[in-house]
A.B. asks: 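The structure's right below; bear with me while I get my questions together.
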Amino acid sequence: MSFKDGFLWGGATAANQCEGGYLEGGRGLSTVDVVPAGKDRFPVALGEKKMFECDSEHYYPSHEAIDMYHNFKEDIRLFAEMGFKCYRLSIAWSRIFPKGDEATPNEEGLKFYDELFDECIKYGIEPLVTICHFDVPMHLVETIGAWKNREMINHFTRYCEAIFNRYKNKVKYWLTFNEINMLLHLPFMGAGILFEEGENKEEIKYQAAHHELVASAMATKIGHEINPEFKIGCMLAGGNNYANTCNPNDVWKSMEMDRENYFFIDVQSRGEYPPYAKKMMERQGINIKMEEVDEKLLKDNTVDFISFSYYASRLTSADPEVNKLTEGNVFATLKNPHLKASEWGWQIDPLGLRITLNALFDRYQKPLFIVENGLGAIDRVEEDGSINDDYRIGYLREHIKAMKDSVEQDGVDLMGYTPWGCIDLVSASTGEMKKRYGFIYVDKDNNGKGTLARSKKKSFNWYKKVIKTNGEDLK
Ligand code: BG6
């Protein structure tokens, strides 16, 4: 058998993209609630455009999303029917601390997740909880500038303490920040950062990164004190960079691009700033304020495992002329002539997953967890209601084979696999509904119209069989 007993097969979602109920149960306004669909989405997500108030001209997909807030029982029942062993979800910070700076948590918010976890446990599904997945209470953005400000560490750790204490007997697996390196690419979406004119953007981003890294270490410390059985991990937007040619300049450039992402995990897993990052900051005149306690805290509280998302590999050239960006991609990448791409230009590369798994395992030698993977595609509902998503099955099959090779041939220690958007949800980058990843279809369109009814796609039964056979039967 290639996958170990107890391998955590499942699926992944995030509160900001599926819950909805944005003002229910005492929940406060969050960054995601002011990120509209349409042409303003990207400038807002980048932290370039200030739109803190919701208006009637824009559509805000998070407000209702797929309304999992009211449908979670049905949704978890469907996950259980597929045989999920694990369900990755995120807690919406502003449900627990609506403004972010309160002394005590919101009981109604805590109760909501109690019920949700109880539902998982009823079916033997292990929850894997992302503590912060692209959301910050808006009050903290407006009053202290979110992660630009060191005070965030206190607010975040108070939030962590509240949920660790409350769910210590229900949740064992935790991730501190979703795709922590996304802070560099989509600063408002990733970390609630809005740039003011004249600010040194690189310095702001790395200062915010430092605050998140310290907060993550602090959370890891508190979590382990509350329950030594907790497994607390970090989370990287993964996908290695290839060099466009064998020109050493291209190879060097691709290494630098990888390091930009590894930087975060190097700190979270090895417990210190890597020399290349210190030198890069020196060179670029980036001065990070650190406190004396930080160094020891980072060193003493490294993560138990490393999780990552993987959708595509990336291709890099040192030549600015060649370096035209692939359309629709948050990460800069060239078009790889050896790969096909999704309808959104994400380049499909199963062997790239094996390469990424090996690169991470070589570097950190800690258990790995693939907590996102999948194909965002347009699905067609046939007249009889069926959805024949063979393209999705094909994508997942090839990626699972690559995982298998990594485990069987390379000896990678892999804990589990939770494909992204196991139920259709709002796309983070575009705000669309038609970019679907799910095994479960949700009747809703890009403009928010639809019955929200759930139905099974062809991939539903396929994945059920994969789980049942522990990945042996991929037909
Ligand atoms: C990751 C995020 O970036 O990729 C998810 O953690 C996101 O939140 C996923 O939804 C897929 O990206 P997109 O833009 O297709 O939704």
Side-chain angles (χ1 to χ4, degrees), residues 129-133 136 144 146-161 163-164 173-184 187 190-193 202-228 230-238 258-284 286-308 359-369 371:
V129 173
T130 317
I131 299 170
C132 185
H133 191 130
V136 176
I144 62 168
W147 286 101
K148 280 181 184 178
N149 195 318
R150 191 172 170 103
E151 266 184 59
M152 282 296 276
I153 299 173
N154 291 334
H155 298 310
F156 180 77
T157 46
R158 198 171 54 257
Y159 161 49
C160 291
E161 214 171 326
I163 57 176
F164 287 157
Y173 296 96
W174 302 88
L175 304 175
T176 49
F177 291 93
N178 178 63
E179 298 194 333
I180 188 162
N181 50 323
M182 196 56 90
L183 184 160
L184 300 179
I193 294 170
E202 290 308 301
E203 189 165 277
I204 297 262
K205 287 194 278 186
Y206 279 98
Q207 185 66 62
H210 180 70
H211 295 150
E212 287 198 357
L213 291 166
V214 172
S216 176
M218 189 82 104
T220 308
K221 179 177 189 301
I222 297 169
H224 285 146
E225 281 163 7
I226 291 176
N227 184 349
F230 277 177
K231 297 283 175 215
I232 305 174
C234 54
M235 197 306 196
L236 167 82
D258 277 341
R259 278 177 162 177
E260 203 178 274
N261 298 316
Y262 285 143
F263 157 68
F264 293 85
I265 310 304
D266 282 354
V267 179
Q268 289 176 296
S269 182
R270 293 165 160 174
E272 58 195 15
Y273 273 57
Y276 67 81
K278 289 185 187 160
K279 290 286 181 194
M280 177 277 289
M281 289 185 205
E282 237 173 77
R283 243 183 353 260
Q284 297 193 19
I286 297 175
N287 290 306
I288 301 296
K289 289 194 199 80
M290 299 193 191
E291 290 191 3
E292 244 181 82
V293 289
D294 295 356
E295 211 172 301
K296 184 164 167 27
L297 191 80
L298 292 173
K299 194 69 199 169
D300 291 347
N301 299 284
T302 55
V303 288
D304 299 315
F305 67 99
I306 288 153
S307 81
F308 65 100
L360 290 172
F361 197 58
D362 283 353
R363 198 175 179 101
Y364 302 115
Q365 315 236 301
K366 286 194 182 176
L368 303 180
F369 201 143
V371 294

A.B. asks: Only counting residues at least two apart or in another chain, list the ones meeting salt bridge (charged side-chain N to carboxylate O under 4.0 Å, His left out) with E260.
C.D. replies: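 Result, salt bridge (charged side-chain N to carboxylate O under 4.0 Å, His left out) vs E260: none returned.
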A.B. asks: Check whether any side-chain N or O of T302 sits under 3.5 Å from a backbone N or O of Q268 as a donor-acceptor pair, and report yes or no.
C.D. replies: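 Looks like no, no N/O pair under 3.5 Å.
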A.B. asks: Could you check if a side-chain atom of D300 sits within less than 4.5 angstrom of a side-chain atom of K221, using non-hydrogen atoms only?
C.D. replies: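 No, every pair of side-chain atoms sits at 4.5 Å or beyond.
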A.B. asks: Mark yes or no for whether N181, through its side chain, and L236, through its backbone, hold a donor-acceptor pair below 3.5 Å.
C.D. replies: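 No, N181 side chain to L236 backbone: no donor-acceptor pair under 3.5 Å.
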A.B. asks: Could you tell me whether the side chain of D266 and the main chain of P274 form a donor-acceptor pair under 3.5 Å?
C.D. replies: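 Pair absent, no side-chain N/O of D266 close to backbone of P274.
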A.B. asks: May I ask you to say whether K205 pairs ionically with E202, meaning some side-chain N is under 4.0 Å from a carboxylate O?
C.D. replies: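 Between E202 and K205 there is a salt bridge, with a charged N closer than 4.0 Å to a carboxylate O.
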A.B. asks: Is H133 reaching over with its side chain to a backbone N or O of N178, donor-acceptor style, under 3.5 angstrom?
C.D. replies: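 Checked: no pair found.
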A.B. asks: Is the number of heavy atoms from other residues, nucleotides or ligands within 6.0 Å of CD (E295) greater than 12?
C.D. replies: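 No, because the 6.0 Å sphere around CD of E295 holds 12 heavy atoms or fewer from other groups.
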A.B. asks: Centroid separation under 6.0 Å, is that true for the rings of H210 and Y273?
C.D. replies: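 Close enough - the centres of the two rings lie under 6.0 Å apart.
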A.B. asks: Just by distance, do the side chain of S216 and the backbone of E212 share a donor-acceptor pair under 3.5 Å?
C.D. replies: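 Answer holds: no.
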A.B. asks: Quick one, R270 and Y364 - any side-chain contact, counting heavy atoms below 4.5 Å?
C.D. replies: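 In contact.
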A.B. asks: Is there a donor in the side chain of N301 and an acceptor in the side chain of H224, or the other way round, less than 3.5 Å apart?
C.D. replies: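 The criterion, which ignores hydrogens and geometry beyond distance, is not satisfied for H224 and N301.
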A.B. asks: Closer than 3.5 angstrom, by distance alone: can the side chain of T157 be matched with the main-chain N or O of N154 as a donor-acceptor pair?
C.D. replies: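 Here the side-chain-to-backbone pair exists.
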A.B. asks: Of K299, R150, K289, which is the lone residue that meets salt bridge (charged side-chain N to carboxylate O under 4.0 Å, His left out) with D294?
C.D. replies: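 Of all the options given, the one that passes is R150.
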A.B. asks: Just so I know, are the side chains of L360 and Y262 near enough to count as touching, which here means a heavy-atom distance under 4.5 Å?
C.D. replies: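 L360 reaches Y262 side chain to side chain.
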A.B. asks: Can you say whether the rings of F305 and F369 are parallel (under 30°), tilted (30 to 60°) or perpendicular (over 60°)?
C.D. replies: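 Plane angle between 30° and 60°, so tilted.
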A.B. asks: What is the distance from atom CD1 of I193 to atom CD1 of I204, rounded to the nearest 0.5 Å?
C.D. replies: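 CD1 of I204 is found 7.0 Å from CD1 of I193.
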A.B. asks: Tell me whether K278 is salt-bridged to E282, with the criterion being a basic N under 4.0 Å from an acidic carboxylate O.
C.D. replies: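 Looking at E282 together with K278, the answer is no, because their closest N to O distance does not fall below 4.0 Å.
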A.B. asks: Are the side chain of Y173 and the backbone of G233 linked by a donor-acceptor contact shorter than 3.5 Å?
C.D. replies: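 Flag not set: sc Y173 to bb G233 has no pair under 3.5 Å.
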